[in-house]
Number of protein chains: 2
Amino acid sequence: MLAAERREHLLALLARTGKIVAKDVAADLGISEDSVRRDLRDLAAEGLCQRVYGGALPASPAVVDYDARRAVAPEGKRKVAAVAAALVRPGSSLILDGGTTALAVAQALPQELTCTVITHSPTIATALIDHPGAELFLLGGRVFKHSAVTCGAAAVEAAQNVSAELCLLGVTGVHPEAGLTTADADEAAMKRALAARAADTYILASFEKIGTASPYRVLPWEKITGLITDADPHDTVIGRLRALGVKTLTAE
Amino acid sequence: MLAAERREHLLALLARTGKIVAKDVAADLGISEDSVRRDLRDLAAEGLCQRVYGGALPASPAVVDYDARRAVAPEGKRKVAAVAAALVRPGSSLILDGGTTALAVAQALPQELTCTVITHSPTIATALIDHPGAELFLLGGRVFKHSAVTCGAAAVEAAQNVSAELCLLGVTGVHPEAGLTTADADEAAMKRALAARAADTYILASFEKIGTASPYRVLPWEKITGLITDADPHDTVIGRLRALGVKTLTAE
DNA sequence: AAGATACATGCAGAATCGCGCAACAACCGG
DNA sequence: CCGGTTGTTGCGCGATTCTGCATGTATCTT
């Protein structure tokens, strides 16, 4: 495993779970605790995390506060979510991924819009409960706590029984070579299963995801219909993606 | 659990509830009171809390999150929930119904209790996400928005694939003649399906439910192991239930 | 005043840390 | 192709930190 890749993994883990236990990560990745500690020391030196006895915590404590994050989606995510929500036609059905960006999409759906929302995120489901027009279908399974979605065999199986016009997926990394990536293998598999059940699949990626990569590949470029982002259309990475044939919808 | 993480937890708890009882937190987190006391001493030294006999109070008074306080269950439900939570053995699995009383049970489960919680409520699942010891399994299906749980054929089918030692069910009515009742037929069916998958089934019913009835029958008395309530044990309705052979656990 | 509860302190075992060292691979100029 | 350089990784070791228990003291309750 590449050192830089490992550091990405650590940051992703930190962002998702709010903590890192050096011992556990070392065991998970099959490397020594020393390497993990060294990485954490470096990341802390760059101000990307806070080193504590036994592991590390996020540099900004608010990052993991789910309620706070839920309350106010960052500007970028809101813009991406607005564009995504506009893709949902009245009466159609939508497969909506978990994560904060997808949550922003749920909040951006017009109240009167009648549609069917299929999701594997209890958080998304909860957010849409007082949404009068939305019919909700929840995909069950083991709950992957770090990102608050159901994952694993049962969830993938449940996904086989649904289908929809549109699928909106969040990822943690969008990179020309590495592709669309996320921080967990099970989650990547679940996202693939969701995308496979929809006619069109769009990726939600606010600008900070562009040009970054996480350990696990989600989908090849051919399998997606387009990318929704608020990154500058003239950004070099965006340019390279376009050259690869990726359709990009820019949120202004 | 990381030491620094524990301190974060204490501060968060302090901000949310406005007080910390060393004994309770130690029990919740499965650590010794000494550690809690040491943490509180350190936090107080940094001016982040005010140390008092038995626990701690916020350094700056009156900064309690009122939303959080409003979310706290009424006294009766909390007492019922505490008794119910005490029935969950470490390492066992639990089927937990939706509803506010069940939510109170989720909140009453000790943080460090390792158990498997199976639920059809996205709300319950969300509430247990930052519960380190709990393995979560969510039963999917169409979301019945009125009570924020999954219902219907798919949900009942999903329930067939799980089983547990204990099932805790909420109802809206407990009446000697009408039996255990609820307001929706699909929901009643779902509750039956859940109860059928557990060795023991207890009904959660705070005192205001006792003696009332709703349109749809959930279960006959024979199918339940007992009733958990905070109603007066000498109440006439409770007496009649006992005469019917219903075991009642009284929450004090 | 007496018992119960909470507290501070000291101690021992365990976990974690930082540092130096050696092995190893990648890289680079000749 | 080759030897030197550089950077990374894992391991060992002593130092540091954390944690739970035991003990004696302080504080609260009845």
Side-chain angles (χ1 to χ4, degrees), chain A residues 1-14 17-59 61 64 175 177-178 183 212-215, chain B residues 1-14 17-59 61 79 82 86 90-91 110-114 130-133 252:
Chain A
M1 170 174 251
L2 262 36
E5 189 185 353
R6 200 177 50 218
R7 289 182 32 150
E8 288 289 333
H9 180 87
L10 287 173
L11 285 177
L13 197 62
L14 194 57
T17 69
K19 73 165 176 176
I20 282 181
V21 180
K23 192 178 186 174
D24 296 352
V25 178
D28 266 14
L29 267 51
I31 57 178
S32 75
E33 294 180 38
D34 295 72
S35 294
V36 177
R37 273 200 290 269
R38 268 187 271 249
D39 286 340
L40 292 180
R41 206 185 308 170
D42 294 348
L43 291 174
E46 295 174 39
L48 296 171
C49 75
Q50 184 195 342
R51 193 75 175 79
V52 298
Y53 199 88
L57 292 175
V64 77
H175 191 277
E177 274 91 49
T212 69
S214 292
Chain B
M1 171 173 249
L2 260 37
E5 188 190 358
R6 198 178 51 220
R7 292 182 30 153
E8 295 281 338
H9 179 88
L10 288 173
L11 285 177
L13 196 64
L14 197 54
T17 67
K19 72 167 179 178
I20 281 181
V21 180
K23 192 177 186 175
D24 296 353
V25 178
D28 255 24
L29 267 50
I31 57 178
S32 75
E33 294 180 39
D34 297 73
S35 293
V36 178
R37 272 198 288 271
R38 265 187 273 248
D39 286 339
L40 291 180
R41 202 188 310 170
D42 294 348
L43 291 174
E46 295 175 39
L48 297 172
C49 75
Q50 184 195 343
R51 194 75 175 78
V52 296
Y53 201 88
L57 292 173
K79 290 194 291 188
Q111 288 279 328
E112 291 303 308
L113 180 70
T114 58
D130 40 26
H131 202 288
E252 287 306 337

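Order of the sequence lines sets the chain letters (A, B, ...), proteins ahead of strands, with each chain counted from 1. What you see is a predicted model; the values in this text were computed from it and never measured.
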Could you pull out the closest heavy-atom pair between [X] and [Y], with the gap in Å?
{"X": "A:Leu43", "Y": "A:Arg7", "answer": "CD2-NH2, 3.4 Å"}
{"X": "B:Cys49", "Y": "B:Ala56", "answer": "SG-CB, 4.0 Å"}
{"X": "B:Pro110", "Y": "B:His131", "answer": "O-CE1, 2.7 Å"}
{"X": "B:Ala4", "Y": "A:Leu57", "answer": "CB-CD1, 3.6 Å"}
{"X": "A:Ala22", "Y": "A:Glu33", "answer": "O-CG, 4.5 Å"}

Using side-chain heavy atoms (C-beta onward) and a distance below 4.5 Å, is B:Met1 in contact with B:Ile31?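 Not in contact.
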So do A:Arg38 and A:Asp34 actually touch side chain to side chain, heavy atoms under 4.5 Å?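 Yes, side chains in contact.
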How many whole angstroms separate atom [atom1] of [X] from atom [atom2] of [N]?
{"X": "A:Glu33", "N": "C:dA15", "atom1": "CD", "atom2": "C1'", "value": "9 Å"}
{"X": "B:Glu5", "N": "C:dA15", "atom1": "CD", "atom2": "C1'", "value": "16 Å"}
{"X": "B:Arg37", "N": "D:dA22", "atom1": "CZ", "atom2": "P", "value": "14 Å"}
{"X": "B:Ile31", "N": "C:dA15", "atom1": "CD1", "atom2": "P", "value": "17 Å"}
{"X": "A:Asp42", "N": "D:dT9", "atom1": "CG", "atom2": "P", "value": "10 Å"}
{"X": "B:Asp39", "N": "C:dA8", "atom1": "CG", "atom2": "C1'", "value": "15 Å"}

Result of checking A:Val25, A:Val52, A:Ile20 against A:Leu40 for side chain to side chain contact (heavy atoms under 4.5 Å, CB included):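 When side chain to side chain contact (heavy atoms under 4.5 Å, CB included) is applied between A:Leu40 and each of A:Val25, A:Val52, A:Ile20, only A:Ile20 qualifies.
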Would you please confirm or rule out a distance under 4.0 Å between OP1 or OP2 of [N] and any side-chain N or O of [X]?
{"X": "A:Arg51", "N": "C:dC17", "value": "yes"}
{"X": "B:Arg6", "N": "D:dT19", "value": "yes"}
{"X": "B:Ser35", "N": "D:dC18", "value": "no"}
{"X": "A:Arg38", "N": "C:dC17", "value": "no"}
{"X": "A:Lys23", "N": "C:dT16", "value": "yes"}

Please determine, for the side chain of B:Arg41, which listed nucleotide (C:dA8, C:dC7, C:dC19) has the closest atom?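 From the listed options, C:dA8 comes nearest.
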Candidate nucleotides C:dC17, D:dA22, D:dT9, ranked by approach to the side chain of A:Ala3 - the nearest: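 Nearest listed nucleotide: D:dT9.
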Name the nucleic acid region contacted by A:Val36, choosing base, sugar-phosphate or nothing; use a 4.0 angstrom heavy-atom cut-off, strictly under.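 If one applies the 4.0 Å heavy-atom cut-off, A:Val36 turns out to touch nothing in the nucleic acid.
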With the sugar-phosphate defined as primed atoms, P, OP1 and OP2, and the base as all remaining atoms, what B/S/- string results for nucleotides 24-30 of chain D, 5' to 3', for protein heavy atoms under 4.0 Å? --BBS--
Divergence of helical axes at both termini of the helix from C:dA1-D:dT30 to C:dG30-D:dC1 - five pairs an end, 10° steps: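 End axes: 40° apart.
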Spacing of A:Leu11 atom CG and A:Asp39 atom CG [to the nearest 0.5 Å]: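 It comes to 9.5 Å.
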Straight-line distance of A:Arg37 CZ to A:Lys23 NZ, nearest 0.5 Å: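 Interatomic distance, A:Arg37 CZ to A:Lys23 NZ, rounded to 0.5 Å: 11.0 Å.
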Would you say the side chain of B:Asp34 and the base of D:dC21 hold a donor-acceptor pair, judged only by whether the two atoms sit under 3.5 Å apart?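 Indeed, a donor on one side and an acceptor on the other fall under 3.5 Å apart.
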